[in-house]
Every structure is written in C-alpha cells, then in structure tokens.
K.L.:
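Sharing a structure with you now.
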Amino acid sequence: MKKDKEILKKVTALKEELAAVSEAHLEACMNKANALLSSLYQQYDFTRTIVHMDMDAFYAAVEMRDNPSLANIPMAVGGEDMLSTSNYIARRYGVRAAMPGFIARKLCADLVIVPTDMAKYSAVSRVIRSVLSQYDPNMTPLSLDEAYMDFTDHLVKRRELDDQSRTFPEFSETMCRCEPEERLGVVSSTEGISSAVGDGVADVPNLNEDNLQNSVATDDTRILPSATNSDTEPSEARIMKDTTVSTDTSQCPRCNMPHNPKRILFDVGVEDAVREMRHRIHLKTRLTASAGIAANCLLAKICSDQNKPNGQYMLPFTVDAVQDFMKDLPVRKVPGVGKVSERQLAAFDVKVCSDFYKHRDVLYFLYSGGMFEYFLSVYLGLGANRLSKNEDGPKSKSVERTFRGMSDPDQLRTLCHELSLELAEDLKSAKNLQGKTVTLKIKLVTFEVKTRSQSLPTATNDGEDIYNVANQLLTTEMKNCSSKPLKLRLMGVRMSNFTTSDSKQQKLKVIRDTNSTPSDKRISFLDKIEAERKSEKVNQSCNEPLGLLAYMSTDKPIGTTSNISNAGRNVSTKLSSVWDESGDVTTRKTGKIIELLEGASNTDPWSLADSTSSSVATIPSDSTVKTATKYGPLDFYRSSKSGALDPWAKDDSSSLGGF
DNA sequence: ACTAGAAGGACCC
DNA sequence: ATCCAGGGTCCTTCTCGC
C-alpha cells in the first residue's frame, strides 16, 4: 500500500516531466528510437537452438515425491513467515511463492507447510544436470531447477544416433526406470552415472552393463503407433514393445524392480530431443520439467513458461513467428520486468511488448539508454544465443537472518558476530574469497531496510575482521537512532568487492600498456575538445577551471533533470561545472551528455586516459558497463596549473599520480 | 594496483 | 490478496572541495 503510493508518486513525477517536454523533442526521441530499431533489426540470428528447461514447482515436487501423503493435498515449502514455492493444488487457492505463510493459511486453511531442505534439492539438481549435460556439456544452470542449453551441436550428432540410442523405458513407478547413459552416445564417460549414484539420492538407480545388453531394443520394427505423451502437441515419439525384455523376468539388480517392457523411441528432431530429455529427467527423478525451445535465451525462457507444467513449447525460427509471438506478450512475462516496472510501464500504456514499439518515443525519453535498448530488443524478440560461461565467481557473499524484533544491543552484537563468522566460513569454503567491502544490512520492525557499508584498504575474509567493521557499522546505527532503541527483524552481513582474479588483472594491464602512449586518436580527441571549448558553443568566459568532455544536452533543462544516466545512448557522470548551450554555468549537476565526441571508443573507458595531464575516459556504448558513474568520464580534462585531476580528490593526490 | 564509495532498489529463483 | 526469506545480480543516484 505504501509502496503503491511510492510508485504512483514516481509515475506522476515522470508524467509531469513528460508533459513539459516539447513536441520537437519527442520527435527527436522518436528518431533516435527508430535509428536504434533499425540497427537492432539486423541482429536476428536463427542459427542456434536454445532450450530453457525449468522444473515444475521444484521444491514442492521433491517433497511430494518423497512423502506421498503430500501428493494430493495443498502444500507449500518454506516457513511460517515465507513460502518458497507451493504445489499446484495450493496454487488453486492462490497460494504462491514469496508469500508469507500466515497469509497463505488464510487463503487455504488446510495448507501443509514443509520446511525447506536445500541439501536435498541440490542433490536432485545434480542428477538433473547430469542429464542436461548430455545434451549440452556447456549447459548453464540459472538455479537449482533451471538451465539454458544450446542444442545445436546435439541435434547434428543426433541425426547419426541409431534408434536404440533414442529409446528409453516408459515411465512407471513400479518397474525399472533405469536407463544407460551410454546409449545417447554424447557423453562417453560415466560421469552422469557416478554423480547420480554418489549424491545420496537413493532412488535414482542406474543400469549396469549387463542390463544394458538386455534392455535395449535391437529390432527397429517394433515401433507402435500409439504415442502417449503429456504434451499437447503431436509427438513423434513412439512406444515400443520390447519382446526381448518382456520375456525376461529378471529384475534390475540396481533398483530391484522388474524390467519395463514398454519403451519409447524419440525422433531425431528438436522437439523429440527435448521431450526425450524431459522424459529422462522424469525417469531419474520422478519429477516433471517444462521446456522452451527457441532461437535465443530470452525467447526460450519465455517459452518454457507457455505449457507449464510438464509441457514444452517451440517458437518457430522465423522473424514473423517471433514478432507475432512477442506482439501480445504481457511485459510482465519479460525477464527483468517485475511488479514495479509492470506498474510503471502500465502507467504509460505499455502493457504488452508491442507497446514497447508503440510508445518508443516516450520510453526513450523516460528510460536510460540500456533499459530502452533492452525494451526494444525484447519487442523484436532478440536475445543472447550463446551461453556465457559464468567465469568470474560470485560478486558478493552474504549471510542474513530474520527474527522477531530484537533491540538489546548485546544480543544484536552477538548476532552480528555470529553472522560475521559464518560469512567468513562461507568465504573460505568458496575458494577462499577475500573482499574489501563489508555491508551491514538491517531491517527494522517497520520493514524498512537499511544497508551500511564500509570498504577496507585491504581484502580479508577473517571473521573477526569482518565483525569489527560490521559491528562498527551497527554501533553507528544504534547511536544514530538513540531516541528509540533500534529494533530489528533482520540482520545480515555481506562481503563484496572481491580481489580480482589474476587473469582479469592481466587483461586490464594489457589494455593500459597499449595505450600508455597517447595515440593519434587520443590527440585528435583532445584537440576536438579544445576546439569545442573555443567555439561559440561554449562560453569561454565561464570561470575556468574546468573544461568539459562533451557538451551538455539541452534535452532537459539542467537542474531539473533527475534520472538520466547510463552507458550507451546517454552518459551520466559527475560533472563539476558544465556549460549548457547558452553558456550559463551550472555547478555540480549531474548531467546528460547526449553526444560523445569523436574518439569515444567502445573499449575500456580508461583506454583514452592521458598519461600525463588528464584523465579523460568515455563510456563504452556496450550496455554491459556497470554504472556510468563509476566508470564514467572523469569529465574534465582541466587545464591547468594546479594539481589534482579530480577536484574532489583528497589531498593525497599521489593516488592519482599514476596518470 | 587502481582508477569512488555508499546507499538504496528492482528483480530473480 | 500483502509487504516477504535468503541468496544473489544489476542498476541508479548522490556525495565529495573551495
């Protein structure tokens, strides 16, 4: 309710801003948007086949599997104060993930809440991944129950697989569901098997070699026409009757269940490949999965939601199909658009993805460059089609705990200490990570969240070190609100700003080395700025001492701008003094640079830094840049005589002396 | 070795 | 049908001096 109001307030502020803008300006926005659109349009790429798979109500499904008494009643996994997920029966009552338990109880009095057992879920997850990696060894998990895969290579190989490699036992609770990994021919090792067996999931057995011989169909005439598949689409998979096995009364030595005579043959096509994968997950885990198949990750992910649960959806690999699909898709379905964005966008009549296009001028005005580009690319259905390896480890680690209101300083300190030590352990077990920034997070009983952070000169992962900082932050907070004692319902400690890996440092160094002598480009860049300064565009008389990297936008009046930033189209940076086009000087305003001068490059922002007299850098137009402020231009190249490049730089300007 | 840091949010599972 | 756990990532805004 309070939040509602805040969103509303923000929206009305934005609307006012929008109302104040001229027709001409909106037209300019439209032109910019169109330009971007046409460059994006070039980027369609249908050469890869991306699959996104997502387990159905994962945690809940695992619990139901392991405790059949839960199978037919509304249940959820989580705690009284918070549910992680719910089963489909509970969902019919409106019980959802991320819902406090007591609310869920109101919706559904009979709801059974099972505590979460992460260790169990990760064990199951490993089994699932062992299957997935046979279709794409570079499969990238997004979480325990979700992953992207690139099926392109598998599909090529798949054409050469014989029928028996694409044949698997039909699912049955009471018969052997074991399947030989080797049959697929993709994974030669027994990696999948060993990890599945060794992970403590007792009911995920596998065939040994002997059974492999017996259970595999060898006669390709046994294809039956009756396909039973849970998908709504027609399946090319066929159930086979294996006469060899049906006369075999022996049991599987691994799972002690009779062999299943019914077999399913999966086709070589994509859809059957994905069906097969889901089926194998089902065999191994007794859990169902849903999947999406498309030309890129964005689309695949959206598609996996289409026929949930236990279904799959393929979006044809054509521009028309993609655009048609996106057209009526509610923006809320777009990854990255949450509740807040949904409401904000709705306020500007953006409800489905084609509205991104329809209102592109307004959106261009309202949103940062990165965001806007994302919206448009979503509208077009563009997305990454190469799976990126998550090379650099975690960016931060944290431990937090919720409790009933606590205000006793000693208690709080004790807790803080515990959390710090826990975090230290986590860091040590995570490749002995060492970080420099400690953040204390607290949530008041009013649910207001605060974070307080402090960076250390040197990285650490020592528990007491962490505690010292965290406790200091905590103490400050307690002092700060001394009137009424700090009453908390949550405390957390986070470490971030990890010391970068060797490889990364190496890379930076190389970049810098190649730029250590000013290039021609660099020189002309400076000249250009100098010329700019001297031109009538910039009022020479304005009080020294700072020059400007690029001239200010007149898109919005300086001083009333609030939200402009970001890499790419716009650049926000800390500016000391800026001139607007009329030559007035405005001090210390964050501003928007609409145009980077020639010489702006898409490379390392520091690559243009002058090694002797100034620091000038430009923002990569690449939207992967983090924050413009951080990497942004040290915006003045400043003339003169006196020392520090950064006017705010503390007196120990030696720290910048490297330049 | 490092180009700022701190605070706050949105969002994801 | 309401403000929520705990682990994260990423983005944005503000402050900083004289």
Side-chain angles (χ1 to χ4, degrees), chain A residues 1-4 6-7 54-55 58-59 78-85 93-104 106-107 116 118 121 141-146 301 334-342 344 368 370-371 390 394-403 426 436-437 439 441 443 446-455 473 489-490 492 494 496-497 499-500 505 508-509 512 545 562-567 572 574 576 587-590 604-606 609 615 617 623-632 634 642 644-651 655-659:
Chain A
M1 211 163 271
K2 193 181 151 229
K3 199 113 189 190
D4 262 12
E6 267 169 45
I7 297 176
D54 195 357
M55 298 300 293
F58 186 50
Y59 298 174
E80 280 310 312
D81 34 347
M82 177 58 200
L83 305 180
S84 286
T85 187
Y93 292 86
V95 174
R96 295 271 138 71
M99 181 181 270
F102 71 95
I103 303 232
K106 267 187 215 161
L107 294 169
T116 59
M118 291 311 289
Y121 312 142
L142 299 180
S143 63
L144 288 183
D145 75 318
E146 233 185 291
K301 172 144 189 170
V334 175
V337 176
K339 205 165 61 174
V340 175
S341 304
E342 180 191 25
Q344 227 167 270
S368 67
M371 262 295 145
N390 196 11
K395 307 267 194 311
S396 70
K397 284 223 155 263
S398 64
V399 180
E400 70 185 55
R401 204 142 295 149
T402 298
F403 38 84
D426 281 5
K436 274 194 296 196
T437 305
T439 303
K441 174 179 173 184
K443 189 185 287 182
T446 60
F447 289 101
E448 187 191 354
V449 178
K450 291 183 180 180
T451 61
R452 296 289 179 256
S453 63
Q454 191 180 307
S455 298
L473 293 165
R489 68 157 4 246
L490 172 148
R494 174 166 69 243
S496 57
N497 211 348
T499 43
T500 50
Q505 287 178 359
L508 256 182
K509 205 169 167 189
R512 194 154 332 102
S562 53
N563 67 334
I564 23 192
S565 73
N566 213 345
S572 149
K574 51 174 189 172
S576 174
T587 322
R588 304 229 298 111
K589 289 281 192 273
T590 294
D604 178 82
W606 297 99
S615 315
S623 62
T624 58
V625 157
K626 302 273 162 74
T627 74
T629 312
K630 188 164 177 183
Y631 295 113
L634 297 193
S642 59
L645 304 161
D646 183 336
W648 318 134
K650 306 285 188 277
D651 211 350
S655 63
L656 283 167
F659 290 114

K.L.:
From C/dG6, B/dG8, C/dT2, pick the nucleotide closest to the side chain of A/Glu400?
P.N.:
C/dG6
K.L.:
Would you say A/Ser341 places a side-chain N or O within less than 4.0 Å of OP1 or OP2 belonging to B/dC11?
P.N.:
yes
K.L.:
Quick one: which of C/dT2, C/dA1, B/dG8 gets closest to the side chain of A/Leu107?
P.N.:
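Within the option list, the nearest is C/dA1.
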K.L.:
Report the distance from atom CE of A/Met82 to atom OG1 of A/Thr402, rounding to the nearest 0.5 Å.
P.N.:
10.5 Å
K.L.:
Give me the distance, rounded to whole Å, that separates C/dA5 from B/dC11 when you measure between the C1' atoms they each carry.
P.N.:
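The answer is 15 Å between these two C1' atoms.
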K.L.:
Report the nucleotide, chosen from C/dC3, C/dT9, C/dA5, that has the shortest atom-to-atom distance to any side-chain atom of A/Lys443.
P.N.:
C/dA5
K.L.:
Rounded to whole angstrom units, what separation is found between the CD atom of A/Gln454 and the P atom of B/dG8?
P.N.:
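My rounded result for the distance is 15 Å.
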K.L.:
Look at the side-chain N and O atoms of A/Lys397 and state whether any lies under 4.0 Å from the OP1 or OP2 oxygen of C/dG7.
P.N.:
no
K.L.:
When you get a sec, tell me which of C/dG7, C/dA5, B/dC13 is the closest nucleotide to the side chain of A/Glu146?
P.N.:
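Per side-chain heavy atoms of A/Glu146, the pick is B/dC13.
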K.L.:
Run the side chain to side chain contact (heavy atoms under 4.5 Å, CB included) test on A/Tyr59 and A/Leu144 for me, step by step, so that the C-alpha distance in whole Å, both residues' side-chain angles and the decisive distance to 0.1 Å come before the verdict.
P.N.:
CA-CA 10 Å; A/Tyr59 298 174; A/Leu144 288 183; 4.1 Å; yes
K.L.:
If you compare every side-chain N and O of A/Thr451 against the phosphate oxygens of B/dA6 (OP1, OP2), does one of them come in below 4.0 Å?
P.N.:
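So the side chain of A/Thr451 is outside the cut-off, no N or O lying under 4.0 Å from OP1 or OP2 of B/dA6.
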K.L.:
Let me spell it out: for each of A/Lys436 and A/Val449, pick the nucleotide of DNA chain B with the closest heavy atom. Which residue's pick is nearer the 5' end?
P.N.:
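Checking each residue's closest nucleotide, the 5'-ward one belongs to A/Lys436.
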K.L.:
Looking at the side chain of A/Lys301, which of B/dC13, C/dT2, C/dG6 is the nearest nucleotide?
P.N.:
B/dC13
K.L.:
Does a side-chain N or O from A/Ser396 land closer than 4.0 Å to OP1 or OP2 of C/dG8, or not?
P.N.:
no
K.L.:
Tell me the interatomic distance from A/Leu144, atom CG, to C/dA5, atom C1', rounded to whole angstroms.
P.N.:
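Checked: the CG to C1' distance equals 15 Å.
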K.L.:
Of the nucleotides B/dA6, B/dC13, C/dA5, which has the atom closest to the A/Thr437 side chain?
P.N.:
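Of all the options, the side chain of A/Thr437 is nearest to B/dA6.
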K.L.:
Please state whether the phosphate of B/dA6, meaning OP1 or OP2, lies under 4.0 angstrom from any side-chain nitrogen or oxygen of A/Ser455.
P.N.:
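Answer is yes, contact under 4.0 Å.
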K.L.:
Can you tell me how far C1' in B/dG9 sits from the matching atom in C/dC3, rounded to whole Å?
P.N.:
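B/dG9 and C/dC3 have their C1' atoms separated by 14 Å.
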K.L.:
B/dA10 C1' sits how many Å from A/Met371 CE, rounded?
P.N.:
9 Å
K.L.:
With a 4.0 Å cutoff (strictly under), does any side-chain N or O of A/Lys395 reach OP1 or OP2 of C/dC11?
P.N.:
no
K.L.:
With the side chain of A/Ala98 defined as its heavy atoms from C-beta on, choose the nearest nucleotide among C/dG8, B/dC13, C/dA5.
P.N.:
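For A/Ala98, the side-chain atoms sit closest to C/dA5.
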K.L.:
With a 4.0 Å cut-off on heavy atoms, is A/Gly336 in touch with a base, just the backbone sugar-phosphate, or nothing at all?
P.N.:
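A/Gly336: backbone/sugar contact only, no base atoms under 4.0 Å.
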K.L.:
Measuring from the side chain of A/Val340 (C-beta onward, heavy atoms only), which nucleotide among B/dC13, B/dC11, B/dA7 has the closest atom?
P.N.:
B/dC11
K.L.:
Where do A/Glu400 and A/Leu490 come nearest, in terms of heavy atoms and distance?
P.N.:
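In terms of heavy atoms, the two residues are closest at OE2-CD1, 3.5 Å.
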K.L.:
Nearest whole angstrom, please: distance from the C1' of B/dC13 to the CE of A/Met55.
P.N.:
14 Å
K.L.:
For C/dT2 and A/Arg96 - does any side-chain N or O of the residue sit under 4.0 Å from the phosphate oxygens OP1/OP2?
P.N.:
no
K.L.:
With a cut-off of less than 4.0 Å, is there a side-chain N or O of A/Arg494 near OP1 or OP2 of C/dG7?
P.N.:
no
K.L.:
Measure CG/A/Leu473 against P/B/dG5 and give the value in whole Å, please.
P.N.:
15 Å
K.L.:
Give, for atom NZ of A/Lys397 and atom OG of A/Ser496, the distance between the pair rounded to the nearest 0.5 Å.
P.N.:
12.5 Å
K.L.:
With respect to the side chain of A/Lys339, which nucleotide from C/dG7, C/dC3, C/dG6 is positioned closest?
P.N.:
C/dC3
K.L.:
Would you name the heavy atoms of A/Ser453 and A/Thr439 that are closest together and state the gap between them?
P.N.:
CB-OG1, 3.3 Å
K.L.:
Among all residues two or more places apart in sequence or in another chain, which pass the salt bridge (charged side-chain N to carboxylate O under 4.0 Å, His left out) test with A/Arg452?
P.N.:
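Listed in chain order: A/Glu477.
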K.L.:
When you get a sec, tell me which of C/dG7, C/dA5, C/dT9 is the closest nucleotide to the side chain of A/Val399?
P.N.:
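Nearest to the side-chain atoms of A/Val399, counting from C-beta on, is C/dG7.
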K.L.:
Rounded to whole angstrom, note down the P distance from C/dG17 over to B/dA1.
P.N.:
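Straight-line distance between the two P atoms is 29 Å.
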K.L.:
Whole-Å distance between C/dA5 P and A/Phe102 CZ?
P.N.:
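The distance from CZ of A/Phe102 to P of C/dA5 comes to 10 Å, rounded to the nearest Å.
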K.L.:
Can you work out whether A/Ser84 or A/Tyr93 has the more 5'-proximal nearest nucleotide on DNA chain C?
P.N.:
A/Tyr93
K.L.:
Applying side-chain hydrogen bond (donor to acceptor under 3.5 Å, both in side chains), name anything that partners A/Ser455, two or more places apart in sequence or on another chain.
P.N.:
A/Thr437
K.L.:
Taking CZ from A/Phe58 and P from B/dC13, how many angstroms apart are they, rounded to a whole number?
P.N.:
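After rounding, the reported distance stands at 15 Å.
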K.L.:
For A/Leu83 and C/dC3, give me the distance from atom CG to atom P, rounded to whole Å.
P.N.:
15 Å
